[in-house]
Amino acid sequence: MRPIRIFDTTLRDGEQSPGASMNVEEKVQVARQLARLGVDVIEAGFAISSEGDFESIKRIGGEVEGPVIASLARAKEADIKRAWEALRDIPKRRIHTFHSTSDIHLKHQFRISREEALKRSVEMVKLARSLVDDVEFSPMDATRTELPYLAEVVGAVIAAGASTVNIPDTVGYTVPAEFFEIIKYLLGNVPNIADAVISVHCHNDLGLAVANSLAAVSAGAGQVECTINGIGERAGNCSMEEIVMALRTRKDFFQADTNVHSEEIMRSSRLITKITGISVQPNKAIVGANAFAHESGIHQDGLLKEKATYEIMRPESVGLGSTRLVMGKHSGRHAFKTRLQELGYNLPEDEMEGAFQRFKRLADQKKDIYDEDLEVLVSETELSRTPEVYSVMGLHISSGTSEVPTARLKLKMGETEAEYTCGGDGPVDATYKAIAALTKTKSTLQKFEVKSITGGMDAIGEVFVTLQDEGEEDGKTVRGQGADTDIIVAAAKAYVNALNKLAAKKTRSGGIKPEL
Ligand code: KIV
Ligand code: ZN
């Protein structure tokens, strides 16, 4: 099998999805999961674009082992130096630099000649190569670039030291047969092409990102850039789960495969949905809720007789249906720690203890605890590394068909605790009014979603909220999440989590301290 490298850009291009911004802790959490998934390269950010991206790259490089860590950089000296500063202490590092090459971009956006674009690209690859051994170059808008010029650029950047050349379909314009020919053309017309890996980076504007990437693999590409759930700029990027499972399921056809541990796919997908709030459509290939659900009687009949009749992939191979009853009230520390380690979580000792205490509390409320429940516990533990300005200490709700819903809420705010009782249209409304009154914050609730983690009456409920701070002029929003067996408590935690993120944002931008 020809090995195909998976370059994951969920944390960079994926984060360019409207509303998908992630904070540093969340990015570290995603990177850990990407390492468990077995991707080859993590594009951890665009170092010069923000302090948050810079810090994320550094943190991920320091905390996540396995994949190469890359930073994006325009073909500009300042960008490359900033990428180097973020990457310098990371042993497996890559600078990914890019410059547009299509006449449309050069004429209208950059107002420079092809010669100038070529010169800048070569100079910046050389600069990057003087700092790190592993340099990737992308001729942006490659699929709308005249082929002989594209070949000239590709040859020149390889000669300058790029060991990966990525061919982006920046605007999702190409189609499979054409993209196949583009890759074949480069392989046949760039004399030094064997000195680099050809990568592809396809956008999904015509719904062809995965098909185009597969065509490129057939033509000889050795790296595919993709994102979990296909999130990304506009219609998104090539979806990681689809490209990986297409290659694996049709190994016979492609004679190629990746290093991805496909059993981690569902977990990765759920994590991205949780963090970004971007849900997956039910009929989405591989990770959609219906992807393995057979409705038709004829199909069900066939499946009962022989799975291969209608099932081309086993649900277990993507981590579905692996829900295991793991523990309950009587499970001890050792069993808890061992199962977390089996799931790939290695928490520091103090955090492990905190997670174990939460597990014990959960076990008092919920008889059977599944792997998915443990994931929630770990996720809460990892996210609690974000400084908590506010935390829910107690909540009493009174509501019913013939009474005004009331919430009595106790909140910890910094070092102090305060209590407030408030009525509302419903228990969630009453709780949210109490939180707003205690924290003296004004924000608009834009989205409220509830999901259950596992089945059963005692399942953990997860609440996701999107809040817009009324003080934020640029309309920026934050996402909050909370989980609990009591859905109103989960809702309170989600709101408070969003307020903590807003407070962190304001403190980072040198702004307002929360009013206590
Ligand atoms: O879509 C694109 O062209 C990109 C480049 C920066 C690789 O994201
Ligand atoms: Zn892109």
Side-chain angles (χ1 to χ4, degrees), residues 5-18 20-21 39-50 53 57 68-76 79-80 82-83 86 94-106 108-110 117 120-121 124-125 128 134-145 150 153-154 157 162-174 179 182-183 186 196-210 212-213 216 221-240 242-243 278:
R5 292 184 194 162
I6 291 295
F7 176 113
D8 185 279
T9 183
T10 307
L11 297 175
R12 199 277 300 169
D13 215 327
E15 208 207 12
Q16 288 173 220
S17 304
S21 68
V39 305
D40 300 283
V41 186
I42 296 176
E43 188 162 51
F46 187 176
I48 202 163
S49 71
S50 70
D53 266 40
I57 297 167
V68 170
I69 307 301
S71 169
L72 188 67
R74 287 167 299 183
K76 289 183 170 197
D79 280 42
I80 290 174
R82 192 69 178 145
R94 173 180 296 185
I95 293 180
H96 174 198
T97 185
F98 68 101
H99 199 298
S100 289
T101 48
S102 68
D103 287 341
I104 303 180
H105 283 203
L106 296 184
H108 300 291
Q109 190 181 4
F110 294 93
R120 287 187 194 177
S121 304
M124 291 306 118
V125 167
D134 186 347
V135 174
E136 171 169 332
F137 178 80
S138 292
M140 190 153 86
D141 205 17
T143 52
R144 294 193 298 168
T145 301
L150 182 63
V153 174
V154 169
V157 295
S163 48
T164 305
V165 181
N166 178 46
I167 308 301
D169 182 28
T170 304
V171 290
Y173 177 72
T174 198
F179 204 40
I182 293 175
I183 303 301
L186 294 174
V197 171
I198 297 196
S199 168
V200 288
H201 174 112
C202 296
H203 279 271
N204 206 29
D205 299 66
L206 294 174
L208 293 171
V210 175
N212 288 334
S213 306
Q223 175 177 287
V224 175
E225 303 200 353
C226 50
T227 60
I228 297 172
N229 295 346
I231 63 169
E233 186 82 30
R234 304 182 310 279
N237 289 61
C238 171
S239 133
M240 176 280 297
E242 292 179 25
I243 188 88
I278 302 175

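One is the number of the first residue; the rest follow in order along the sequence. Both ligands and their constituent atoms are indexed starting at 1 by order of listing.
- Scanning all protein heavy atoms for the shortest distance to atom 4 (C) of ligand 1 gives H201 NE2, 3.5 Å.
- Atom numbering of ligand 1 starts at 1 in the shown order; those under 4.0 Å from a heavy atom of M140 are 3 (O).
- Of the protein's heavy atoms, T170 OG1, 2.7 Å lies nearest to atom 3 (O) of ligand 1.
- Between the NE2 atom of H203 and the NE2 atom of H201, the angle centred on the Zn ion (ligand 2) amounts to 100° when rounded to 10°.
- The Zn ion (ligand 2) has an N, O or S atom of D13 inside 2.8 Å of it.
- Contacts between D13 and ligand 1, counted as non-hydrogen atom pairs separated by less than 4.0 Å, involve the side chain only.
- Contacts between R12 and ligand 1, counted as non-hydrogen atom pairs separated by less than 4.0 Å, involve the side chain only.
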Next on the checklist: Go through it in stages, so that I can follow the logic: the residues are T9 and F7, the test is side chain to side chain contact (heavy atoms under 4.5 Å, CB included), and I'd like the CA-CA distance, side-chain angles, deciding distance and then a yes or no.
Outcome noted: CA-CA 6 Å; T9 183; F7 176 113; 4.1 Å; yes
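- The shortest distance between side-chain heavy atoms of S138 and H96 falls below 4.5 Å.
- Those atoms of ligand 1 that come under 4.0 Å of a heavy atom in H203, given as number and element, are 1 (O).
- In this structure the side chain of T97 never reaches within 4.5 angstrom of the side chain of D79, judged on heavy atoms.
- D169 pairs with exactly one of N204, N212, D141 by the side-chain contact (heavy atoms from CB on, under 4.5 Å) rule, that one being N212.
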Item to check | Derivation of the side chain to side chain contact (heavy atoms under 4.5 Å, CB included) call for Q223 and D40 | outcome: CA-CA 9 Å; Q223 175 177 287; D40 300 283; over 6 Å; no
Next on the checklist: Assess the residue pair L150 and I182 against the criterion (side chain to side chain contact (heavy atoms under 4.5 Å, CB included)); give the C-alpha distance rounded to whole Å, side-chain angles, the decisive distance to 0.1 Å, and a yes or no.
Outcome noted: CA-CA 10 Å; L150 182 63; I182 293 175; 4.3 Å; yes
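- Between F137 and V153 the shortest side-chain heavy-atom distance falls below 4.5 Å.
- For ligand 1, the polar-atom distance check finds no N/O of S138 at less than 3.5 Å from any of the ligand's N/O atoms.
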